[in-house]
Amino acid sequence: MEETLDLRSLFNILRQRVVLILAVILLVTGLTAVISLYLLTPIYENSSQILVNQEEAIGGNLAIVNVERDRQLLNTYSVIISSPVILEQVIENLNLDTSLKELNKKITITSTSESQVIGISARDENPETAAKIVNTIATVFEKDIQEVMKIDNITILSTATAKEDQLPVSPNLWINLAIASAAGLLLGVGLALLLDYLDTSVKSQRDVKRLLNVPVIAVISPIEQSGKLPEKAKLALEEKEA
């Protein structure tokens, strides 16, 4: 016999298991809060910006400036910034206890073809270290680009500064709690449906009809041991005798 679950049955199941669902949501959300606050290491981010003077980059000839060349130039600079030529000097200057690969994972270079500004961001467990990494990268790049490309067209627009009240970018407590609440809701609903599916006891007329696939034509009310009929059955009998 094929069993179907309509919306009314689903609503009844969820209503009967609402305490279980809320408990699962609170449990998952609470565990996520504890993990985010006490187990995960906070990560801080600091950023800097450098300006690429396109006029000097192309030899002062404004006539040949075009979007495609600007894009290629910015992409070239982005690759150079994250190259070992720059990052090895950063590790040496700051005496960092990290590998070149690990440092590369900490930094992010952003640029667009519509702007001459390149953004440099770094993430670290220490906000001061993140700021030092960003500023050192910008300084080393400004100096070395003159030797690598024989041009002097880099200007540091802004430097990174670590703040005492700086908030970490990771973990994001509120986003984690929102995701945990949604996951807890799904888990709670799934658990409620699973428990209802495994429960084969007959509790209502709907269960009888569902299991036997026949209509219910009579219901026997429970009879008290004292021999007295329940109020509903007593009223029904009095109406029938009348």
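All heavy atoms count here, side chains included; hydrogens, waters and symmetry mates do not. Keep in mind that this is a model prediction, so the values were computed, not measured.
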Can you list everything that forms a side-chain hydrogen bond (donor to acceptor under 3.5 Å, both in side chains) with Gln49? Sequence neighbours excluded, please.
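Result, side-chain hydrogen bond (donor to acceptor under 3.5 Å, both in side chains) vs Gln49: none returned.
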Please determine whether the number of non-hydrogen atoms from other residues, nucleotides or ligands lying under 6.0 Å from atom CD of Glu128 exceeds 12.
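It does not: Glu128 CD has 12 such atoms or fewer within range.
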Is the CD atom of Gln146 crowded by more than 12 outside heavy atoms at less than 6.0 Å?
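Enclosed.
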Compare every heavy atom of [Y] with every heavy atom of [X], then report the nearest pair and how far apart it is.
X: Leu87; Y: Ser82; value: CD1-O, 3.5 Å
X: Ala130; Y: Tyr44; value: CB-O, 4.1 Å
X: Pro84; Y: Leu100; value: CB-CD2, 3.5 Å
X: Ala33; Y: Leu173; value: CA-CD1, 4.3 Å
X: Ser47; Y: Val134; value: C-CG1, 3.8 Å
X: Ser181; Y: Thr29; value: OG-OG1, 3.4 Å

Could you grab the distance from atom [atom1] of [X] to atom [atom2] of [Y], nearest 0.5 Å is fine?
X: Ile80; Y: Ile109; atom1: CD1; atom2: CD1; result: 11.5 Å
X: Ile50; Y: Thr159; atom1: CD1; atom2: OG1; result: 13.0 Å
X: Gln116; Y: Leu157; atom1: CD; atom2: CG; result: 10.0 Å
X: Leu103; Y: Ile91; atom1: CG; atom2: CD1; result: 5.0 Å
X: Lys106; Y: Asp124; atom1: NZ; atom2: CG; result: 4.0 Å
X: Thr161; Y: Asn135; atom1: OG1; atom2: CG; result: 6.5 Å

Among residues at least two apart in sequence or on other chains, which ones pass salt bridge (Lys or Arg N to Asp or Glu O under 4.0 Å) with Lys132?
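With neighbours one apart ignored, the set is empty.
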Considering residues at least two apart in sequence or located in another chain, which fulfil the salt bridge (Lys or Arg N to Asp or Glu O under 4.0 Å) criterion with Arg123?
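Only Glu45 meet the salt bridge (Lys or Arg N to Asp or Glu O under 4.0 Å) criterion with Arg123.
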Honestly curious: do [X] and [Y] fall in one hydrophobic cluster under the side-chain, below-4.5 Å linking rule?
X: Ile25; Y: Leu193; answer: yes
X: Leu51; Y: Ile120; answer: no
X: Val189; Y: Leu20; answer: no
X: Val117; Y: Ile156; answer: no
X: Trp174; Y: Val34; answer: yes

Co-members of Leu39 in a cluster of I, L, V, M, F, W and Y side chains, linked at under 4.5 Å
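For the cluster that includes Leu39, the remaining residues are Ile35, Leu40.
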Hydrophobic clusters join Ile, Leu, Val, Met, Phe, Trp and Tyr when side-chain heavy atoms are under 4.5 Å apart, directly or via other members; which others share one with Leu31?
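Other cluster members: Leu27.
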Please collect all ring-ring contact (aromatic ring centres under 6.0 Å, His included) contacts where either partner lies in residues 123-143, sequence neighbours excluded, each pair once.
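Qualifying pairs: Tyr77-Phe141.
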Taking it one step at a time, do Ser121 and Thr108 satisfy side chain to side chain donor-acceptor pair (under 3.5 Å)?
CA-CA 5 Å; Ser121 300; Thr108 302; 5.9 Å; no
Would a distance-only check, ignoring hydrogens and angles, find a side-chain to backbone donor-acceptor pair under 3.5 Å from Asn12 to Arg8?
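Yes: the side chain of Asn12 pairs with the backbone of Arg8.
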Run the salt-bridge test on Arg17 and Asp196 with the 4.0 Å N-O cut-off and return the result as yes or no.
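Salt bridge absent between Arg17 and Asp196.
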May I have the step-by-step check of side-chain contact (heavy atoms from CB on, under 4.5 Å) for Val85 and Val140, ending in yes or no?
CA-CA 9 Å; Val85 175; Val140 172; over 6 Å; no
Distance alone, cut at 3.5 Å: any donor-acceptor contact between the side chains of Asn176 and Ser36?
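Judged by distance alone, the side chains do pair up.
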